[in-house]
Amino acid sequence: MTACANYPGGELPTNVHLLAQTPQLRALMTMIRDTNTNRNDFIFYSDRIIRLLVEEGLNYLPLVEQQIETPTGLPYHGVAFQGKICGVPIIRAGEAMEKGLRECCKGVRIGKILIQRNEETAQPELYYSKLPSDIAERYVLLLDPMLATGGSAIKAIEVLLETGVHEDRIVFLNLLAVPDGIDAVLARFPKLRIVTADVDPGLNEKKFIVPGLGDFGDRYFGSSH
Ligand code: PRP
Ligand code: URA
């Protein structure tokens, strides 16, 4: 269990992993939360956090024992990644996380799911999905920076499950979550794993995370939808 002051009861559910709240991470989160941070800096510091999330997310994939030989001619008893993986960004904002995944996982397969929250109702609307044909055999790193009501993530996971992906093989990487969103997603998919960089207390009347960081997609891509 991970301690988390903003989660009711003070401890996160066992399958929610909060990045270690190091001085580095706290400074990076402060940069991207700051409304005065310009777009270049927002991208730069978000990318650094995304890299940490990807590295942590990869720790939840299975390993097999592997013995190799080092240049000294001696054996080394190590490990290797076992399963095949696939990254699935929820477009648009999730695409900001694709580069960080590619930097860690050479040649990784990428699927895409396009979901947009309706700006009036905050309800998620599914427009498009394109996934590798063998995705059911893969571990999936689902990418979306914001977990607010949880509606978008739930819709994306429904699409993944419909194509045969195993619920317990999905790791959802996320920069900022709120307790209600976490609870909503885990109530539907209790075997899902979530890796997040920070947890805020809740949502405002427009279903934006508060204090939050605003609209991630608009700030990262420099456009409004
Ligand atoms: C944002 C974000 C998530 C969603 C989270 O996307 O990237 O997908 O909202 O909110 P929820 O948990 O309440 O569903 P948005 O629909 O604003 O589109 P964008 O990716 O184009 O920014
Ligand atoms: N999407 C965002 O980009 N920000 C929020 O606070 C909530 C949803």
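Keep in mind that this is a model prediction, so the values were computed, not measured. As the structure lists them, so they are numbered: ligands from 1, and atoms in each ligand from 1. Note: hydrogens, waters and symmetry copies are ignored here, and every other heavy atom, side chains too, is used.
When all heavy atoms of Phe221 and Ala93 are compared, the pair lying nearest together is CE1-CA, 4.1 Å.
Looking at Asp218 against ligand 1, nothing comes within 4.0 Å, counting heavy atoms. When non-hydrogen atoms are compared, ligand 1 lies under 4.0 Å from the side chain of Asp144 (C-beta onward) but not from its backbone.
Side-chain N or O atoms of Arg138 include none that pairs as donor or acceptor with a backbone N or O of Arg109 at under 3.5 Å. The closest donor-acceptor contact from the side chain of Thr37 to the backbone of Met31 lies under 3.5 Å. Here the side chain of Asn6 pairs a donor or acceptor atom with the backbone of Val199 at under 3.5 angstrom. Arg117 places a side-chain N or O within donor-acceptor distance of the main-chain N or O of Lys207, the cut-off being under 3.5 Å. Distance alone, capped at 3.5 Å, is enough to place a donor-acceptor pair between the Arg33 side chain and the Gly212 backbone.
Which parts of ligand 1 touch Asp215 is read off a 4.0 Å heavy-atom cut-off, strictly below it: atoms 22 (O). Of all the atoms in ligand 1, the ones that sit under 4.0 Å from a non-hydrogen atom of Ala93 are 7 (O), 19 (P), 20 (O). Contact atoms of ligand 1 toward Met146: 2 (C), 3 (C), 5 (C) (distance under 4.0 Å to a heavy atom of the residue). Near Gln116, with a cut-off below 4.0 Å to any heavy atom, the atoms of ligand 1 are 16 (O), 18 (O), 19 (P), 20 (O), 21 (O).
Side-chain contact between Leu160 and Ile135 is present, with at least one heavy-atom pair separated by less than 4.5 Å.
In this structure, of Arg117, Glu125, Arg92, Glu95, the residue bringing a heavy atom nearest to atom 10 (O) of ligand 1 is Arg117. With distances taken over non-hydrogen atoms, the option nearest atom 12 (O) of ligand 1 out of Gly150, Ala122, Gly94 is Gly150.
A salt bridge does not link Lys155 to Glu125: none of the charged side-chain nitrogens sits closer than 4.0 Å to a carboxylate oxygen.
Ring geometry, Phe42 versus Tyr220: the interplanar angle exceeds 60°, so the pair is classed perpendicular (tilted spans 30 to 60°).
For the atom pair CG of Asn40 and OH of Tyr45, the computed distance is 11.0 Å after rounding to the nearest 0.5 Å.
In terms of N/O distances under 3.5 Å, ligand 1 is approached by Ala148.
The immediate protein surroundings of ligand 2, defined as residues with any heavy atom under 4.0 Å of it, consist of Arg117, Met146, Ala148, Lys207, Phe208, Ile209, Gly214, Asp215, Phe216.
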